[in-house]
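Before any comments, here is the structure.
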Amino acid sequence: MKNGDHLFLIDGSGYIFRAYHALPPLTRKSDGLPVGAVSGFCNMLWKLLKDARNTDVGIVPTHFAVIFDYSSKTFRNTLYSEYKANRTAPPEDLIPQFGLIRQATRAFNLPCIEKEGFEADDLIATYARLAVEAGGDVTIVSSDKDLMQLVNHKVQMYDGMKDKQISIPEVIEKWGVPPEKMIDLQSLTGDSTDNIPGIPGIGPKTAAQLLGEYGNLDTLLARASEIKQQKRRENIITFAEQARLSRELVTLKNDVPIDVELDELVLDPQDGPKLIGFLKAMEFTSLTRRVAETTGTDAAEIEPVPVETQWGAAAHGPDMEVSVTVAVGVEVEVTDVSPSLPAGSGGGVTPAELAKSRANAAIAEKIDTTTYVCIRDLATLQQWIDEATENGIVAFDTETNSLLPMQAELIGLSLALAPGRAAYVPLSHKSGAGDLLGGGMLEGQIPLDQALAALKPMLEDRSVLKIAQNMKFDWLIMHRHGIDIAPFDDTMLISYALDAGPGGHGMDSLSERWLGHKTIQYKDVTGNGRSSVTFDMVDLERATAYAGEDADVTLRLWRALKPRLAAEGMATVYERLERPLVEVLARMEARGISIDRQILSRLSGDLAQSAAAIEDEIYKLAGERFNIGSPKQLGDILFGRMGFPGGSKTKTGQWSTSAQVLEDLAAAGHELPRKIVDWRQLTKLKSTYTDALPGFIHAETKRVHTCYAMAATSTGRLSSSDPNLQNIPIRTTEGRKIRTAFIAAPGHKLISADYSQIELRVLAHVADIPQLKQAFAEDMDIHAMTASEMFGVPVEGMPSEVRRRAKAINFGIIYGISAFGLANQLSIPREEAGQYIRTYFERFPGIRDYMEATKAFARANGYVETIFGRRAHYPEIRSSNPQMRAFNERAAINAPIQGSAADIIRHAMIRMDDALAAAKLSARMLLQVHDELVFEAPDKEVEETITIVRHIMENAAMPAVSLSVPLRVDARAAQNWDEAH
DNA sequence: GTCCGACCGTA
DNA sequence: TTACGGTCGGACG
């Protein structure tokens, strides 16, 4: 190396993590191998190399190397055992990419450099020093602040993803100190991601100011007593030693003994065929094409090169040593079908093959529920816990006396370590069914607090994966006992990510489907109906069989289903949209919302009075007393005895008395049907809301805790029950009053933030409709715009009826429109509705194309996808029954739109808690209503909370998806939900 | 007691 | 025309 040469050092390990989180997820089409970060890495390398003169760096590299971390243990761990101790395991779909990126590097003909005991950063520091000493210049491709200490007039950094150069001025601008003071700055601030302590209470701003004043860390520490702020002075004196230790940790080692000499890093020319062989194996088609063009290679001539990948059966523990080394891209014998955990220790299998062998094994292994252990002493429990900890994987289940997690009491819990090896730990079983007083606690159970104390370290141990069926329930139960389970997998959610569509994801049905095993029914254990008992009354033998089976089945399901995530390309959906939401929703459910009992009680009285008055009038008009709430009796009276015209029948042959039918009669001048409609509205509000809601107020928290179902819908939406807080009235003034009972705690406000027209915006994006995109870009009234476009009526002074029809059509489009449905909705003839639809498609031909393409995709694949890759399956779309087929087609058109919107708000929710915490706001998310989030915030934080909430929600699709239409969020704060919405 | 259909509240 | 959950009446056992 000589004067004028230029060395590029790529921070390979840093790039992997950053690319994984910043780039949209991507999986290899043929087998679901996750390759998003690999793709980003290859594109970046190609950009840097293809024509050095034209790169964004604007510099011609003469030498080039990609540097990696060797392992997680380095010399820094001997300095400080806690170094990087809080790192969690890399996401499962990232793990195979570590190896792939090294192979990519070699395919690019570039040296791959790593060294045991040292971090990539130390190697980079060493090579940078050597290059400068040899007279060369250096560009470090990374954006990691830990490397900024290396920047000087010969060494710069380049952020390959933001396309930004970082030299001395940029460092000063960002951190307020020149690069040579970065070490001192980091020693003061510490770094929570690397677990570097620093000095408490000192952030980058304070650190920069102190270093400006005192020059360097040693001077600062020596003269700490001069600092005026008392707290700061005390902290610096107290934690001086900690700062010195931090300095040792953050100082990069620039004298690592190197194995590859500087001169060996000379940039070789690209080997087109070699690179293309790799890119083809990765199935990066567009990059393959570009490389072929530039290097003048005929890509068709080149075979994909077999690629080695590490594909883990389970991501758990910080080091992830458990993984399967497999050859992908070549035919291999499936050798690993062993039932032991962790699965796979050398067999050559692709994700798809492993999934298949696991499915076969799962159904082949029979289940015997009589072999489970009942644990009744602490020592035995501790043995199981120790084994679980050593294993790194355990299935976990709680038994309670209620399905409502906020009021359920813990009765016992079960663990499974391996298929067939499960145990039940009774904790609160009662004795003496014959005892008049109900019996006391059963003898021979581990005291609850002791059992929980023993379990807590394992349940919270980051190196032990906990598996449950519907983890949100168990998480919340344990959360109420001071234990926050992590990390975890959820078989229900894995099933949901894989197989959302008709058919549920309950354990019983999953067991039958995947294990061929009929589970013991809860009812067979606790009894039926009147004679049923709570689980704490069940004898231990039967309780052990039932509870042990739950854990055993859960573990087996996990083994059968988990590998399918990678094989079918659904790992990202599961890990980004399902699993992280568990804790978010559990915390929302635990918080609950405050309801004013008095308001509801008063409303109930009012409703009862009004309904009674109408009831009398109804009897007078009908000439007899009858049960107005019985559609059967009502239909017979209206259309039988009284002979009203225009009756229609339901599919069971009864007279229909739907609101639509009654409204039509009322419009024709009949008094009685109007009264019925009014009576129905009042009694509905009373029975479903004002009477029912107070029963859900929790005895201790005095708040209402709804329960969200994560796997109940085919589209990705949540559902809410017990009580359902997603259908609280809003359309009528009478109904709205119910919302005034949902109130903020004293000193707080409720904030309601809702997406404006999110589904139509998603439609505009996915169907790529220019007029719609422009209308949203300009924040126009979308229904008026549609009406104007369709009927040629100017938006100014548009009759409301015209807009109403356009609005109905817009919704119809989202729902997979039919002339029949639109005619029904608008009460117009079917011919007229059909004409509307034709006109709409003429004005927006892209929508028709999109709908046809979606139907064709669904027919071909049996499912449709959201913009984030969530799938909804519609196997019946190929039905020979035309009605069935049409229904499935409409649902398939709707699912990507409704589902994408659901995914967007899921993203927002997953990020929200951290965003609020980062802004030091104590606002809390309470409710989700499909396109709306409700928060409770202290009065003083309302404005700032709205800013953060809006920002997170409006940018929720990024970076996974870049929408071509802006998202807009309306937010308002008030004392109650009615005024806030 | 349990299940299903009709009806209706929300997005 | 999409997606849900709750209440009621009424039929079934």
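Because the structure is a prediction, the values reported are computed rather than measured. The figures that follow rest on heavy atoms only: side chains count, while hydrogens, waters and symmetry mates do not. Numbered from 1 within each chain, the chains take letters A, B, ... in sequence-line order.
- A donor and an acceptor atom never sit less than 3.5 Å apart when one is taken from the side chain of A:N724 and the other from the base of C:dG5.
- In this structure, A:R680 reaches the B:dC8 phosphate: one of its side-chain N or O atoms is under 4.0 Å from OP1 or OP2.
- Contact annotation: A:T715 does not reach the phosphate of C:dC4 (side-chain N/O to OP1 or OP2, under 4.0 Å).
- In this structure, A:G812 reaches the bases: a heavy-atom distance under 4.0 Å links it to at least one base atom across the strands shown.
- Distance CG (A:L763) to P (C:dT2): 16 Å, rounded to an integer number of Å.
- Between C:dT2 and A:R890, a contact under 4.0 Å exists linking OP1 or OP2 to a side-chain N or O.
- The distance between atom CD1 of A:I676 and atom P of B:dC8, rounded to the nearest whole Å, is 11 Å.
- Listed pair A:S714 / C:dC4 meets the phosphate criterion, a side-chain N or O lying under 4.0 Å from OP1 or OP2.
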request  = Could you give me the CA-CA distance, side-chain angles and deciding distance for A:F868 and A:H907, then say whether ring pair (Phe, Tyr, Trp, His ring centres under 6.0 Å) is met?
outcome  = CA-CA 10 Å; A:F868 298 91; A:H907 263 132; 4.8 Å; yes
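- For A:Q633 and C:dG10, the shortest distance from a side-chain N or O to OP1 or OP2 is below 4.0 Å.
- Taking atom CD1 of A:I728 as the reference point, atom C1' of B:dG9 lies 8 Å away to the nearest angstrom.
- In summary, of the residues considered (A:Q681, A:K686, A:K684, A:R602), a side chain to side chain contact (heavy atoms under 4.5 Å, CB included) with A:L607 occurs for A:K686 alone.
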inquiry  = For A:Q771 and A:E789: C-alpha separation, side-chain torsions, deciding distance, then whether side chain to side chain donor-acceptor pair (under 3.5 Å) applies.
reply    = CA-CA 9 Å; A:Q771 301 103 302; A:E789 187 90 12; 3.3 Å; yes
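- Note: CG (A:L718) to P (B:dA11) measures 15 Å, nearest angstrom.
- A distance cut-off of 5.5 Å between ring centres, combined with a plane angle under 30°, leaves A:Y815 outside any stacking arrangement with the base of C:dT1.
- The distance from atom CZ of A:R739 to atom C1' of B:dG9 is 10 Å, rounded to the nearest whole Å.
- A donor atom on one side chain and an acceptor atom on the other are not found under 3.5 Å apart for A:D978 and A:T740.
- Taking side-chain N and O atoms only, A:T650 has a distance below 4.0 Å to OP1 or OP2 of B:dA6.
- Residue A:S720 is the one, among A:K632 and A:S720, whose nearest nucleotide of DNA chain C lies closer to the 5' end (criterion: closest heavy atom).
- Atom pair A:H930:NE2 and C:dC4:P shows a separation of 10 Å (rounding to whole Å applied).
- For the OP1/OP2 pair of B:dG9 and a distance below 4.0 Å, the side-chain nitrogens and oxygens of A:R731 include no atom meeting the criterion.
- Straight-line distance from the CD atom of A:Q681 to the C1' atom of B:dT10: 14 Å, rounded to whole Å.
- Nucleotide C:dT1 holds its P atom 11 Å from the CD atom of A:Q660, rounded to whole Å.
- Under the 3.5 Å distance criterion, with hydrogens and angles disregarded, a donor-acceptor pair is assigned to the side chains of A:T706 and A:S720.
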